[in-house]
Trainee: 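This is the structure I want to talk about, given as structure tokens.
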Amino acid sequence: MTIALKRVYEAAEDSDGYRVLVDRLWPRGISKVNAKLDLWLKEIGPTTELRKWFGHDPAKFDEFADKYRKELEENKETVDKLVSICREQPKVTLLYGAKDSEDNQAVVLKDYLEG
């Protein structure tokens, strides 16, 4: 299985494969048509409480990652759904809205799925 990461604001490409938005909130300023999603799996995103606490502060990223992994452990049904998609599709691209390409939930989720 190949899992890639991409900002939802970047143009969709055929090489993206199966495109899954992993944000709990719909990204601002992008239409559902332009997003070209195969699936919006909002339940896999961090809880509102965790997302607000993190606030995309790189200094909090390691602690955020630990807390988000715990949430994923407790969200088995949704994680299993994504794992199943990853096994069925030759390539899955996890889409996210964050500006920071290194310190966001999609990075944690990809690592979790590959681990």
Side-chain angles (χ1 to χ4, degrees):
M1 93 179 138
T2 302
I3 301 173
L5 299 175
K6 189 172 192 177
R7 277 193 85 210
V8 70
Y9 299 100
E10 294 176 43
E13 298 170 313
D14 290 340
S15 62
D16 291 342
Y18 195 90
R19 293 168 51 90
V20 181
L21 178 63
V22 295
D23 284 356
R24 201 168 278 268
L25 300 176
W26 187 262
R28 288 184 194 167
I30 192 161
S31 72
K32 293 196 164 129
V33 173
N34 289 342
K36 294 188 169 126
L37 299 181
D38 292 295
L39 178 66
W40 178 17
L41 195 59
K42 57 184 156 186
E43 304 83 20
I44 202 132
T47 59
T48 300
E49 180 182 78
L50 180 56
R51 183 178 49 78
K52 287 181 174 179
W53 170 83
F54 174 44
H56 297 285
D57 178 353
K60 292 181 175 177
F61 183 72
D62 289 341
E63 188 176 352
F64 164 79
D66 289 342
K67 290 179 178 191
Y68 181 42
R69 281 187 197 94
K70 285 184 182 122
E71 287 187 353
L72 291 170
E73 291 288 330
E74 294 167 6
N75 194 0
K76 188 159 176 33
E77 190 176 318
T78 306
V79 170
D80 287 348
K81 181 176 182 175
L82 185 54
V83 167
S84 178
I85 290 167
C86 290
R87 287 186 179 137
E88 293 166 8
Q89 301 293 328
K91 182 174 183 185
V92 174
T93 297
L94 304 179
L95 302 168
Y96 60 91
K99 290 178 182 159
D100 187 332
S101 63
E102 293 177 21
D103 296 332
N104 67 62
Q105 86 277 4
V107 171
V108 178
L109 181 57
K110 179 180 188 280
D111 181 62
Y112 184 87
L113 293 170
E114 292 175 339

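Since this is a predicted model, take the numbers as computed values, not measurements. Both backbone and side-chain heavy atoms feed into the values below; hydrogens, waters and symmetry mates do not.
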Trainee: Using a 3.5 Å distance criterion without hydrogens, assess whether the side chain of Asn104 forms a donor-acceptor pair with backbone atoms of Lys99.
Mentor: no
Trainee: Using 4.0 Å as the upper bound for N to carboxylate O, is an ion pair formed by Asp23 and Arg51?
Mentor: no
Trainee: Closest approach of Trp53 and Lys60, non-hydrogen atoms and distance?
Mentor: O-NZ, 2.8 Å
Trainee: Taking all atoms of both residues into account, what is the closest heavy-atom pair of Pro58 and Asp100, and its distance?
Mentor: CG-OD2, 4.2 Å
Trainee: To the nearest 0.5 Å, tell me how far Glu43 CD sits from Arg24 CZ.
Mentor: 7.0 Å
Trainee: So for atom CD, which belongs to Glu114, do other residues, nucleotides or ligands contribute more than 12 heavy atoms lying within a distance under 6.0 Å?
Mentor: yes
Trainee: Does any non-hydrogen side-chain atom of Glu71 lie less than 4.5 Å from one of Pro46?
Mentor: yes
Trainee: Going hydrophobic residue to hydrophobic residue with side-chain gaps under 4.5 angstrom, can you get from Leu37 over to Leu82?
Mentor: no
Trainee: Between the side chain of Gln105 and the main-chain N/O of Val22, is any donor-acceptor distance below 3.5 Å?
Mentor: yes
Trainee: Under the side-chain contact (heavy atoms from CB on, under 4.5 Å) criterion, do Thr2 and Val92 qualify, and how do the steps go?
Mentor: CA-CA 6 Å; Thr2 302; Val92 174; over 6 Å; no
Trainee: Establish, from distance only, whether the side-chain atoms of Tyr112 and Glu73 form a donor-acceptor pair under 3.5 Å.
Mentor: yes
Trainee: Got a salt bridge between Glu74 and Lys70, using NZ or NE/NH1/NH2 to carboxylate O under 4.0 Å?
Mentor: no
Trainee: May I ask you to establish whether Lys42 and Trp26 are in a cation-pi arrangement, using a distance under 6.0 Å from NZ or CZ to the six-membered ring centre and at most 45° from the ring axis?
Mentor: no
Trainee: Answer whether the closest heavy-atom distance between the side chains of Ile3 and Cys86 falls below 4.5 Å.
Mentor: yes
Trainee: With a 6.0 Å cut-off (strictly less than), is the heavy-atom count around CD of Glu10, excluding the residue itself, greater than 12?
Mentor: yes
Trainee: Kindly indicate whether the side chain of Tyr68, heavy atoms from C-beta on, has any atom under 4.5 Å from the side chain of Thr47.
Mentor: no
Trainee: Salt bridge between Lys6 and Glu13, side-chain N to carboxylate O under 4.0 Å?
Mentor: yes
Trainee: Would the distance check show the side chain of Asp80 and the main-chain N or O of Val83 forming a donor-acceptor pair, the cut-off being under 3.5 Å?
Mentor: no
Trainee: Please tell me whether Leu5 and Val8 are part of a single hydrophobic cluster in this structure, the criterion being side-chain heavy atoms less than 4.5 Å apart.
Mentor: no
Trainee: Between Arg69 and Val108 (side chain of the first, backbone of the second, donor and acceptor by atom type, cut-off under 3.5 Å), is there such a pair?
Mentor: no
Trainee: If you take all heavy atoms of Lys36 and Ala12, which pair is closest and at what distance?
Mentor: CD-CB, 3.7 Å
Trainee: Is there a salt bridge (Lys or Arg N to Asp or Glu O under 4.0 Å) between Lys67 and Glu63? Walk through the geometry before answering.
Mentor: CA-CA 6 Å; Lys67 290 179 178 191; Glu63 188 176 352; 3.4 Å; yes
Trainee: Is it true that a side-chain atom of Lys110 and a backbone atom of Ala4 form a donor plus acceptor pair closer than 3.5 Å?
Mentor: no
Trainee: Under the criterion side-chain contact (heavy atoms from CB on, under 4.5 Å), I'd like the reasoning laid out for Val20 against Asp38: C-alpha separation, chi angles, the key distance, then a yes or no.
Mentor: CA-CA 6 Å; Val20 181; Asp38 292 295; 5.7 Å; no
Trainee: Transitively linked via ILVMFWY side-chain contacts under 4.5 Å: Ile44 with Leu94?
Mentor: yes
Trainee: Give a yes or no on whether Leu72 and Leu95 share a hydrophobic cluster (residues Ile, Leu, Val, Met, Phe, Trp, Tyr; joining criterion: side-chain heavy atoms under 4.5 Å apart).
Mentor: no
Trainee: Between Leu109 and Val79, is there a shared hydrophobic cluster once you connect ILVMFWY residues whose side-chain heavy atoms come closer than 4.5 Å?
Mentor: yes
Trainee: How are the rings of Phe54 and His56 set to each other: parallel, tilted or perpendicular (split at 30° and 60°)?
Mentor: tilted
Trainee: Are Val107 and Tyr96 close enough, and set up right, to give a side-chain contact (heavy atoms from CB on, under 4.5 Å), and what steps lead you there?
Mentor: CA-CA 9 Å; Val107 171; Tyr96 60 91; over 6 Å; no
Trainee: Keeping Arg19 on the side-chain end and Thr93 on the backbone end, is there a donor-acceptor pair under 3.5 Å?
Mentor: no
Trainee: At what distance, to the nearest 0.5 angstrom, does CZ of Phe61 lie from CD of Glu102?
Mentor: 9.0 Å
Trainee: If you compare all heavy atoms of Leu21 against all heavy atoms of Pro27, which two are closest, and at what distance to 0.1 Å?
Mentor: CD2-CD, 3.8 Å
